[in-house]
Amino acid sequence: KQEVTQIPAALSVPEGENLVLNCSFTDSAIYNLQWFRQDPGKGLTSLLLIQSSQREQTSGRLNASLDKSSGRSTLYIAASQPGDSATYLCAVSRGNNRLAFGKGNQVVVIP
Amino acid sequence: GAVVSQHPSWVICKSGTSVKIECRSLDFQATTMFWYRQFPKQSLMLMATSNEGSKATYEQGVEKDKFLINHASLTLSTLTVTSAHPEDSSFYICSARDPDGQETQYFGPGTRLLVL
């Protein structure tokens, strides 16, 4: 059974600092890995999707890396802003769109 | 972009009653939709895969007679929580598979269920 772990569970950073969020998974036989953003009481917004054959993906201030062999992914958010405050979820695909999620990294960016 | 809606956004019901939650793809056809459940401070757990015109596929440990799924059209899937109990109180989120065949999903805003 695929287990997805996200560390740290929660963190607070001052505005302008870079954020580093970690995700690990136990079964390296994944189809892809995605990072999502979830605001309180809301659904999910897809941020980045990394195929299993890729090493990283970038979108604006966001960069996600994938090391499939070691079962790790890292999401970097450069120059954090208060609007980045949210919970960030990591999910790995087992194929057929069946996603296994971590519990999330709850981020607060302090103005 | 692809938009998925859910109705209702929140519902309170008495123990023993049934509750239906709708998931709609607004601007695309979704042959496959997914239902998730999320407890506070916990991860989203996939409950079932809903396929248009066929029976849903349930994940291990999810009671199919408790959580009835119907996907009668290409834009609508429904989840009915039958004989709801307080332990069914949770945040239910649906998603729809990308219509272009990409391995990604578009998520609805979620439905908060509270069973008294």
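Here is the naming used below: chain letters follow the sequence lines, and residue numbers restart at 1 for every chain.
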So OG of A:Ser46 and CZ of B:Phe107: to nearest 0.5 Å the spacing works out to 8.5 Å
CD (B:Gln105) and CZ (A:Phe36) are apart, to the nearest 0.5 Å, by 6.5 Å
Taking atom [atom1] of [X] as the centre, report whether more than 12 heavy atoms of other residues, nucleotides or ligands fall under 6.0 Å from it.
X: B:Lys66; atom1: NZ; result: yes
X: B:His85; atom1: NE2; result: yes
X: A:Arg55; atom1: CZ; result: no
X: B:Tyr58; atom1: OH; result: yes
X: A:Arg72; atom1: CZ; result: no

Per-residue tally against chain B (heavy atom, under 4.5 Å) across A:Val4, A:Leu89, A:Leu99 peaks at A:Leu99
Polar contact flag, side-chain donor to acceptor under 3.5 angstrom, A:Gln38-B:Gln38: yes
Exercise. Apply side-chain contact (heavy atoms from CB on, under 4.5 Å) to the pair B:Thr57 and A:Arg98, showing each step before the final yes or no.
Key: CA-CA 11 Å; B:Thr57 304; A:Arg98 293 172 66 237; over 6 Å; no
According to a hydrophobic-cluster definition based on side-chain heavy atoms being under 4.5 Å apart (Ile, Leu, Val, Met, Phe, Trp, Tyr only), do A:Val109 and A:Leu62 belong together? yes
Cluster overlap B:Tyr92 with B:Val19, hydrophobic side-chain contacts below 4.5 Å:
yes
Cut-off 4.5 Å, heavy atoms of chain A, and the answer for B:Glu59 is side chain
Applying a strict 4.5 Å limit to non-hydrogen atoms, the region of B:Leu44 in contact with chain A is both
Cut-off 4.5 Å, heavy atoms of chain B, and the answer for A:Gln106 is side chain
Minimal heavy-atom distance between A:Gly102 and B:Ser43, with the atoms involved, is O-CB, 3.0 Å
Do A:Lys103 and B:Lys41 make a side-chain contact, defined as non-hydrogen atoms from C-beta onward lying under 4.5 Å apart?
no
